[in-house]
Amino acid sequence: MWVEIICGLIVYRLFRLFYYGDDVVEVETSDSNALFSVANRLGKLFVGKVYVGLRIPDADTGTRQNIDIVLVTKGEAVVMSVKNLSGFLSVNADGSWVCEGKHKTERLPDPVVEAKKQASILESYLEQRGVALPEGHFSCKVVLPNPKLRTIPSGKFSSEVITYDQWVQMKPEPKSMISGWIKGAFRGGKKEMQESIHQKLDFILSTAPIWDRLELKANKYVLGEFMEFKGKQEDINALKHIRRSKVSRMTIQKTSMFGFGPSTLQVLYSPRDYRSEGASASEWKEVTVRSSTEVLFQPQDSSKVSKFKLSSIVSLSLSA
């Protein structure tokens with residue numbers, strides 16, 4: 001009996017591997033998941049727009065500054081750094097953080113200082129693109145969204161830090177209320193000027209450099225850089241038009257299987273349109289490839305390239 005069961009499991013695994021591919025995602029996604037979870041909640045708490053995974057050029061160093069989140073509403077703009085830490089967190093006299101976990105101790109330079117630097121770089125970038133903002137328009141916050149983090153009393157943190165307890169207690173603000181995160185921002189100006197600045201911010205941040213984005217099954221996300229497709233030459237040829245200069249987004253619509261042949265996926269992709277926010281439904285194009293086709297993707301802050309089966313991917317967004 002046990003022999004039959006074991007043989008059955010082996011046959012099942014071989015069948016799944018050959019026809020459907022392995023959907024297990026080995027790359028760590030918890031930090032990106034936390035980032036998108038925070039962004040999603042911000043969208044519910046505030047009336048405005050949330051921009052995730054920006055890579056803002058720093059004119060002074062010639063490099064790009066990673067910014068987790070920028071929240072823009074009618075009355076404020078906030079650069080937010082998300083620290084998905086777990087364990088016990090303490091703060092040194094110089095402002096640096098030490099997080100002691102079960103298996104490792106992590107030391108971080110003062111996250112508030114880093115967030116302020118990010119806000120300054122973003123403000124300079126906006127000025128370079130023709131938007132001169134009033135002094136003090138940008139503020140910054142450091143969010144600690146992980147419930148497994150134990151911290152010092154919140155009163156001992158600087159005002160820029162939002163602890164987990166503070167984060168979960170935040171309530172949606174009425175549409176007429178201006179947040180206290182930036183006191184006085186835009187106040188005293190004409191309404192037309194406020195709307196003009198808001199529209200310019202929206203356009204610039206919508207077209208700013210960002211990380212490529214993988215959305216995986218089970219609500220998992222990975223930020224990083226798309227490298228290429230791997231698989232049968234026939235499938236690679238079918239996908240040859242999906243490159244960042246031509247395509248902004250692709251989605252996996254459904255799986256089909258014919259007889260005993262390999263399963264296939266329908267891949268929809270949207271041509272890049274620099275004149276608008278996205279393509280209409282009629283502009284989406286479709287190709288069919290084997291589900292075993294892989295995406296090579298280098299996650300943010302990783303020196304290794306990871307492989308993802310198309311069967312594990314919901315969508316892929318490409319930066320310009």
Side-chain angles (χ1 to χ4, degrees), residues 30-43 45-46 48-61 63-73 75-87 89-99 106-128 131 133-146 149 151-168 170 179-185 201 204-205 208-211 223 300-301:
S30 60
D31 288 346
S32 293
N33 294 341
L35 186 64
F36 281 92
S37 177
V38 169
N40 182 59
R41 188 158 189 264
L42 285 172
L45 288 171
F46 299 94
K49 289 194 175 183
V50 182
Y51 304 89
V52 181
L54 278 69
R55 305 180 67 195
I56 302 302
D58 182 356
D60 293 334
T61 63
T63 60
R64 293 193 177 187
Q65 178 67 56
N66 297 329
I67 297 179
D68 289 341
I69 294 173
V70 178
L71 168 67
V72 177
T73 70
E76 63 184 340
V78 187
V79 172
M80 310 191 75
S81 175
V82 179
K83 300 298 182 183
N84 185 37
L85 302 172
S86 62
L89 178 65
S90 59
V91 180
N92 293 326
D94 62 356
S96 62
W97 291 8
V98 178
C99 186
E106 188 174 0
R107 292 176 171 80
L108 297 83
D110 191 337
V112 175
V113 172
E114 290 189 345
K116 288 180 178 179
K117 177 182 177 183
Q118 293 170 3
S120 176
I121 292 174
L122 179 57
E123 191 168 12
S124 297
Y125 173 74
L126 292 173
E127 291 176 354
Q128 293 168 11
V131 178
L133 300 174
E135 183 178 356
H137 172 70
F138 273 98
S139 72
C140 65
K141 292 289 179 180
V142 178
V143 183
L144 305 176
N146 196 327
L149 180 67
T151 68
I152 60 176
S154 59
K156 295 185 178 181
F157 279 112
S158 64
S159 60
E160 289 85 1
V161 177
I162 302 176
T163 64
Y164 173 76
D165 290 338
Q166 293 172 323
W167 174 245
V168 297
M170 292 178 66
S179 171
W181 282 358
I182 300 182
K183 296 180 180 179
L201 282 175
I204 293 175
L205 293 175
I210 60 173
W211 285 106
L223 293 177
Q300 177 185 4
D301 299 328

Legend entry - Distance, nearest 0.5 Å, that separates CE of M170 from CG of L45: 5.0 Å
Inset, instruction - Using a 4.5 Å cut-off on heavy atoms from C-beta on, say whether the side chain of Y51 contacts that of V72. - result: yes
Legend entry - Separation between CG of N84 and OG of S37, rounded to the nearest 0.5 Å: 9.5 Å
Legend entry - Nearest heavy atoms of S159 and K141, plus distance in Å: O-NZ, 3.0 Å
Inset, instruction - May I ask you to decide if W167's main-chain N or O and R41's side chain share a donor-acceptor pair within less than 3.5 Å? - result: yes
Legend entry - Polar side chain donor-acceptor pair, S96 to D94, under 3.5 angstrom: yes
Inset, instruction - Starting at CD1 of I67, measure out to CZ of R55 and round the result to the nearest 0.5 Å. - result: 12.0 Å
Inset, instruction - Starting from the C-alpha separation in whole Å, work towards a yes-or-no answer on side-chain contact (heavy atoms from CB on, under 4.5 Å) for V98 and L89. - result: CA-CA 6 Å; V98 178; L89 178 65; 5.9 Å; no
Inset, instruction - To the nearest 0.5 angstrom, please state how far the CD1 atom of I69 sits from the SG atom of C140. - result: 13.5 Å
Legend entry - Shortest non-hydrogen contact from K83 toward P111: CE-CB, 4.0 Å
Legend entry - Within-4.5 Å side-chain heavy-atom neighbours: M80 and L42: yes
Compile the donor-acceptor pairs under 3.5 Å between side chains in residues 113-122 and protein atoms, sequence neighbours left out, one pair per line.
residue : atom : partner : partner atom : Å
Q118    : NE2  : N66     : O            : 3.4

Legend entry - Step-by-step side-chain contact (heavy atoms from CB on, under 4.5 Å) determination, V142 to I162: CA-CA 6 Å; V142 178; I162 302 176; over 6 Å; no
Inset, instruction - Would you indicate whether the side-chain heavy atoms of F157 and V112 approach each other to under 4.5 Å? - result: no
Inset, instruction - Drop me the distance from I210's CD1 to L205's CG, to the nearest 0.5 angstrom. - result: 11.0 Å
Inset, instruction - Mind listing the closest non-hydrogen atom pair of C99 and L85 along with its distance? - result: SG-CB, 4.0 Å
Inset, instruction - Take Y125 and I204 through the test side-chain contact (heavy atoms from CB on, under 4.5 Å) and record every step on the way to the result. - result: CA-CA 9 Å; Y125 173 74; I204 293 175; 3.9 Å; yes
Inset, instruction - Using only heavy-atom distances, determine whether the side chains of D58 and T61 contain a donor-acceptor pair under 3.5 Å. - result: yes
Inset, instruction - Write down the atom of G43, the atom of V50, and the distance for their closest heavy-atom approach. - result: N-CG2, 4.0 Å
Inset, instruction - Locate the shortest heavy-atom distance separating L223 from G53; write the atom from each residue and the value. - result: CD1-CA, 4.1 Å
Inset, instruction - Take N33 and L35 through the test side-chain contact (heavy atoms from CB on, under 4.5 Å) and record every step on the way to the result. - result: CA-CA 5 Å; N33 294 341; L35 186 64; over 6 Å; no
Legend entry - Within 45° cone and under 6.0 Å: R107 NZ/CZ vs W97 ring: no
Legend entry - Straight-line distance of L54 CG to D68 CG, nearest 0.5 Å: 10.0 Å
